[in-house]
K.L.:
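One structure, as C-alpha cells, below. Some questions next.
All chains are named by letter (A, B, ...) in the order of the sequence lines, taking the proteins before the strands, and each is independently numbered beginning at 1. Keep in mind that what you see is a predicted model, and the values were worked out from it rather than measured.
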Amino acid sequence: MTGPTLVVGELHDGALSDATKEAVSVAQSVSGKENVVGFLAGSSPRGPAAGFGRCGVARALVAEDPRLDGVAGAVVAHLVASAADSLGAELVLVGGSTFGRDLIARLGIRWNAAVATGVTSLTRTGASFEVRRPVFGGRATETRQLEGAHAAVALRPHASAAPPDSPGEVALTPVPLDGVPASFWAAKRLSVEVVSRGAGPSLTDASIIVSGGRGVRAAENFRLIDELAASLGGAVGASRAVTDAGWRPESYQVGQTGKQVSPQLYVAVGISGAVQHLMGMISSRVIVAINSDSTAPIFKVADYGIVGDLFQVVPALTQEVKRARGQ
Amino acid sequence: MEIVVCVKPVPDAETRLRTAADGSTLDIEAVKFVLTGYDESAVEQALLLKEANPGSKVHVVSAGPPPRTEEVLRASLALGCDLATWVEMPPGVAPDPVSAARALARAVAAVPHELVLCGKNAGDDEAGVVAGALAELLGVPDYSAVLDLRWDAAASRLRFQRSTEAGVEKWEAPLPCVVALQQAWNDPRTAKLPAILKSRRLPIAKVPPEAAIPATGTTRPTKFELPPPRTGAKLIEFKTPEEAAQKLVKVLKEDAKVFP
Ligand SMILES: Cc1cc2nc3c(=O)[nH]c(=O)nc-3n(C[C@H](O)[C@H](O)[C@H](O)COP(=O)(O)OP(=O)(O)OC[C@H]3O[C@@H](n4cnc5c(N)ncnc54)[C@H](O)[C@@H]3O)c2cc1C
C-alpha cells in the first residue's frame with residue numbers, strides 16, 4: 001500500500017478537536033509529513049480547517065454545506081470514502097470520538113477497509129499496518145494486522161500527543177456533496193445540551209478521577225468526593241451502588257455498564273472493587289484505594305492503598321492536596 | 001414495529017483471561033459465554049419498545065460458532081424475544097466486526113426490519129463497529145450513543161438522545177434505521193424458569209454465512225497480551241489521617257509522578 005493518509009477532522013468548540021490533532025500526529029509519523037491530507041465537513045469548515053496548517057498539514061479537503069452541522073457520521077462517511085478514492089489514499093485516520101468510530105465503521109464496507117477502533121498504537125508492517133488496542137475493559141491488549149489495500153483507524157483518546165502548534169498554511173480544496181442517499185439527511189438534531197460538569201473536566205477526558213462508592217453512605221456525603229476531585233483538578237465518578245441509590249446520575253457510573261476510563265490517576269473511595277467496576281478503570285495508570293476493609297478486592301489492583309475511614313482520610317487528603325498545590 | 005436486535009456472545013465478566021497457546025487470541029477453553037453488557041441492555045430496550053407499541057415483534061439475530069451463539073439466542077428468547085435467527089459459523093471462527101456485520105446483514109435483510117438495535121459495543125473486543133457497518137450494508141442511516149429511545153407513533157418518528165462529546169443531543173429520525181445503544185440498564189429483566197425451559201424448544205432459524213468471508217475478516221489477530229499481574233497495593237502506614245494524607249501526596253509526587 002502506498003498513497004496519502006487522510007485525517008478526518010472534527011470540531012470542538014469551533015476549532016479542530018484535540019482528538020483530531022492527535023490523529024494528525026499519528027498520521028505524520030506513519031506516513032511522513034508530506035503525505036498527510038486533512039478533511040473537514042461542516043457549515044463553514046474553512047476557518048477551522050486552518051488548524052490543519054498549524055499542525056503541519058499542507059493540504060485539506062473541505063465539504064461545505066449548512067446541513068453538515070450535526071449530521072450523523074453516516075453522511076460524512078460517504079463523502080470521506082469518495083475523497084479517499086479520488087486521492088488514492090491507503091489510510092483514513094480519525095480521532096477517538098463517537099463521530100470517529102461511526103465513520104470508521106461505515107468505511108469498513110463503503111471503502112472496503114480493514115478497520116480498527118480504540119487504537120493506542122499504529123505501525124507500518126511491510127505493505128500493511130499493525131494496530132494495538134486495549135480489549136476486555138483494558139484487562140488485555142490485542143495486536144491485529146490490517147490486511148488489504150485500505151485501512152481505516154479510529155484512535156483511542158489521549159493515546160498520542162498533538163503536534164506542536166506551528167505557523168503553517170494549509171491549501172483548501174472543496175469536495176462535492178453528491179452520492180449521499182436522501183434518507184441519510186432525514187434525521188434532525190433538535191438540540192444540543194452541553195452537559196454542565198461544573199468547572200472540572202468530563203469523566204472520559206479527565207487525567208485524574210476520584211470515584212466514590214457505597215462506602216460514602218449518602219448523597220449529601222458525596223460532597224467529600226467532589227471536594228477531593230476539585231482540589232486535584234479532576235473529574236468525579238461513582239460505582240453502580242451509588243448510581244443505583246440515586247446519589248448521582250448514571251452518567252457518573254464507571255464500569256462494565258458505565259464509562260470506561262483510563263486516567264493517569266484513579267482514586268477509588270469506599271469502592272470494594274467488584275469486577276464490573278474494575279472493567280471500567282483497570283487501565284488507569286495509577287490507582288489509589290481508600291477503604292476501611294483491608295480485604296477489599298480493590299487493594300489487589302491498586303498501586304497505593306490507605307486502609308482507613310474515608311470520612312477521616314478524605315477531608316485530610318483534600319486539605320493536604322490544596323496545601324501542596326498552593327490553593 | 002418490526003424490531004431486530006443483534007447480540008453477540010461474550011465471555012462472562014468474571015472470566016479469568018488467559019492467552020491461547022498460539023499467543024494471538026484469548027484462550028476460550030472453559031470460558032462461559034453470555035448475553036451481557038450493552039447487548040443485554042439492547043434486548044431490554046427492544047422488549048420495552050415492543051411493550052409500549054402493541055403489535056410489535058422482536059427478532060433476535062446473532063452470528064457466530066456453536067454452541068455459544070445458540071445459547072445467547074435462547075437466552076434472548078427466554079427474555080421475551082419472539083423470533084431468532086442464527087448465522088451459523090464453523091467452530092473456531094472468530095469474525096472481526098466488519099465480517100460479523102456482513103454475516104448479520106444477510107440475516108437481517110431477509111426478515112422484516114424497521115428498527116435494528118445493537119449495543120454500543122461488545123464487552124470483549126469493544127470495537128463498536130457492527131452497527132455502522134451493518135447500516136451501510138442495509139443502506140439505511142445509523143445513530144450511535146443513543147439513550148432514552150422512544151417511538152412517537154403520531155409523528156412516525158423515533159425520538160432519542162445521543163450522548164456525544166458535544167453533550168447530550170436530542171434527535172428525531174424516521175425508520176428504517178440502525179441504532180447503537182449506549183443505554184445500559186442496571187436492572188434488565190431476568191428470565192423466569194418456565195420461560196427458560198420453553199426457550200429450549202423454540203425454533204431458531206439458521207442461515208449459512210457467506211462462503212467468501214475469510215475466517216477472521218480483513219483484520220487478523222496476531223497477539224493477545226495480559227498486563228503483568230498487579231502485585232497489590234503498597235499500603236500507607238499512618239497514625240493520623242493527616243499523616244496518611246501527607247504520605248500519599250508524597251508518593252504520588254515523587255514515586256508515581258502523577259500529582260498535578
Ligand atoms: C451485569 C452487571 C453490571 C454491572 N456494572 C457495573 C458498573 O458498570 N459499575 C460498577 O461500579 N458496578 C457494576 N456492577 C455492580 C458491581 O457488581 C458491584 O455491586 C458494585 O460495583 C459495588 O459498588 P461499591 O463498590 O460502591 O459497593 P460495595 O461493594 O458495597 O463496597 C463498598 C465499599 O465501601 C467500603 N466502606 C464502607 N464504609 C467505609 C468507610 N467509612 N470508609 C472507607 N471505606 C468504607 C467497604 O469496605 C466496601 O469495600 C454491575 C453488576 C452486574 C451484575
Side-chain angles (χ1 to χ4, degrees), chain A residues 72 74 97-98 101-102 105-106 108-110 114-118 135-136 139-148 183-184 186-195 208 232-233 240 244 256-257 264-265 275-276 286 289 299-308 312-313 316-317 320-321 324, chain B residues 13-14 17 26 37 41 97-98 101 123-129 131-133 135-137 139-145 164-174 184 186 218-226 230 232-236 241-242 244-246 248-249 251-252 256 258-260:
Chain A
S97 65
T98 308
R101 200 150 78 154
D102 294 354
R106 290 261 172 187
I109 304 297
R110 182 119 205 118
V115 310
T117 55
V135 292
F136 288 95
R139 289 192 295 154
T141 305
E142 69 165 14
T143 305
R144 275 184 182 265
Q145 191 74 29
L146 307 185
E147 306 188 318
S183 68
F184 284 25
K188 282 201 189 71
R189 186 173 73 172
L190 305 171
S191 66
V192 185
E193 188 188 317
V194 177
V195 195
I208 296 184
L232 288 161
R240 171 168 149 181
D244 274 356
Q256 185 193 2
T257 45
Q264 293 291 306
L265 172 62
V275 60
Q276 294 89 354
V286 174
F299 287 121
K300 293 214 184 76
V301 301
D303 299 280
Y304 302 101
I306 295 181
V307 180
Q312 297 185 357
V313 173
L317 186 56
E320 179 61 20
V321 170
Chain B
E14 312 277 343
L17 301 179
L26 170 73
S41 287
V98 168
D124 49 1
D125 68 14
E126 297 180 341
V129 162
E136 181 64 33
L137 288 159
V140 301
D142 68 302
Y143 310 102
S144 63
T164 69
E165 289 73 10
V168 177
E169 312 179 355
K170 280 210 170 76
W171 284 71
E172 60 169 43
N186 277 339
T218 49
T219 71
R220 187 167 45 84
T222 54
K223 216 186 271 173
F224 186 86
E225 294 165 280
L226 299 170
R230 298 228 180 207
K234 206 155 136 195
L235 296 181
I236 310 258
E242 290 71 28
Q246 279 161 16
L248 180 62
V249 167
V251 292
L252 292 181
V258 287
F259 195 76

K.L.:
Do L146(A) and T218(B) come within less than 4.5 Å of each other through their side chains, counting heavy atoms only?
P.N.:
no

K.L.:
Between chain A and each of S41(B), G139(B), A145(B), A133(B), count heavy-atom pairs under 4.5 Å; write down the option with the most.
P.N.:
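Option with the top pair count is A133(B).
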
K.L.:
Please flag which part of P174(B) lies under 4.5 Å from any non-hydrogen atom of chain A: side chain, backbone, both or neither.
P.N.:
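Contact with chain A: side chain only.
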
K.L.:
Counting only heavy atoms closer than 4.5 Å, note whether A131(B) contacts chain A via side chain, backbone, both or neither.
P.N.:
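Answer is neither: A131(B) stays 4.5 Å or more from chain A.
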
K.L.:
So which heavy atom on R144(A) is nearest to which on P221(B), and how close?
P.N.:
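For R144(A) versus P221(B), the nearest heavy atoms are NH1-CD, 3.6 Å.
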
K.L.:
Going by the angle between their ring planes, with limits at 30° and 60°, are W171(B) and Y143(B) parallel, tilted or perpendicular?
P.N.:
tilted

K.L.:
Where does I208(A) contact chain B at under 4.5 Å (heavy atoms): side chain, backbone, both or neither?
P.N.:
side chain

K.L.:
Please look at K188(A) and chain B and tell me whether the side chain, the backbone, both or neither of the residue comes under 4.5 angstrom of a heavy atom of that chain.
P.N.:
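Answer is both: backbone and side chain atoms of K188(A) are under 4.5 Å from chain B.
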
K.L.:
For V286(A), is it the side chain, the backbone, both, or neither that has a heavy atom closer than 4.5 Å to a heavy atom of chain B?
P.N.:
side chain

K.L.:
With chain B as the partner, which of T143(A), V301(A), V135(A), V321(A) has the greatest number of non-hydrogen pairs under 4.5 Å?
P.N.:
T143(A)

K.L.:
Who wins among E169(B), E14(B), K170(B), E136(B) for the most heavy-atom pairs under 4.5 Å with chain A?
P.N.:
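Heavy-atom pair counts peak at E136(B).
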
K.L.:
Taking side-chain hydrogen bond (donor to acceptor under 3.5 Å, both in side chains) as the definition, give me every residue that meets it alongside T98(A), ordered by chain and number, with sequence neighbours left out.
P.N.:
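Listed in chain order: E165(B).
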
K.L.:
I'd like to know if E147(A) pairs up with R220(B) as an ion pair, taking the criterion as any Lys NZ or Arg NE/NH1/NH2 lying under 4.0 Å from an Asp or Glu carboxylate oxygen.
P.N.:
yes

K.L.:
Please give me the minimum heavy-atom distance between V307(A) and F299(A), naming the atom from each residue.
P.N.:
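Looking at all heavy atoms of both residues, the shortest contact is CG2-CZ, 3.8 Å.
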
K.L.:
I'd like to check F259(B) versus L232(A) (side-chain heavy atoms, cut-off strictly below 4.5 Å). Are they in contact?
P.N.:
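A side-chain contact exists here, since the closest heavy-atom pair is under 4.5 Å.
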
K.L.:
Among the options V249(B), L226(B), L17(B), pick out the one with the most heavy-atom pairs lying under 4.5 Å from chain A.
P.N.:
L17(B)

K.L.:
Under 4.5 Å from any heavy atom of chain B, what part of A289(A) do you find: side chain, backbone, both or neither?
P.N.:
neither

K.L.:
Heavy-atom pairs under 4.5 Å with chain A are the metric here; pick the option from A244(B), A173(B), P241(B) that has the most.
P.N.:
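The candidate making the most pairs under 4.5 Å is P241(B).
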
K.L.:
Highest number of heavy-atom pairs under 4.5 Å with chain B: which of R189(A), E142(A), K300(A), R110(A)?
P.N.:
R189(A)

K.L.:
Can you see which heavy atom on E172(B) is nearest to which on L190(A), and at what distance?
P.N.:
CG-CD2, 3.9 Å

K.L.:
Under 4.5 Å, counting heavy-atom pairs only, tell me which of V98(B), L252(B), L235(B) racks up the most with chain A.
P.N.:
L235(B)

K.L.:
Under 4.5 Å between any side-chain heavy atoms of F136(A) and L26(B), yes or no?
P.N.:
yes

K.L.:
Under a 4.5 Å heavy-atom cut-off, does chain B meet the side chain of Q276(A), its backbone, both or neither?
P.N.:
side chain

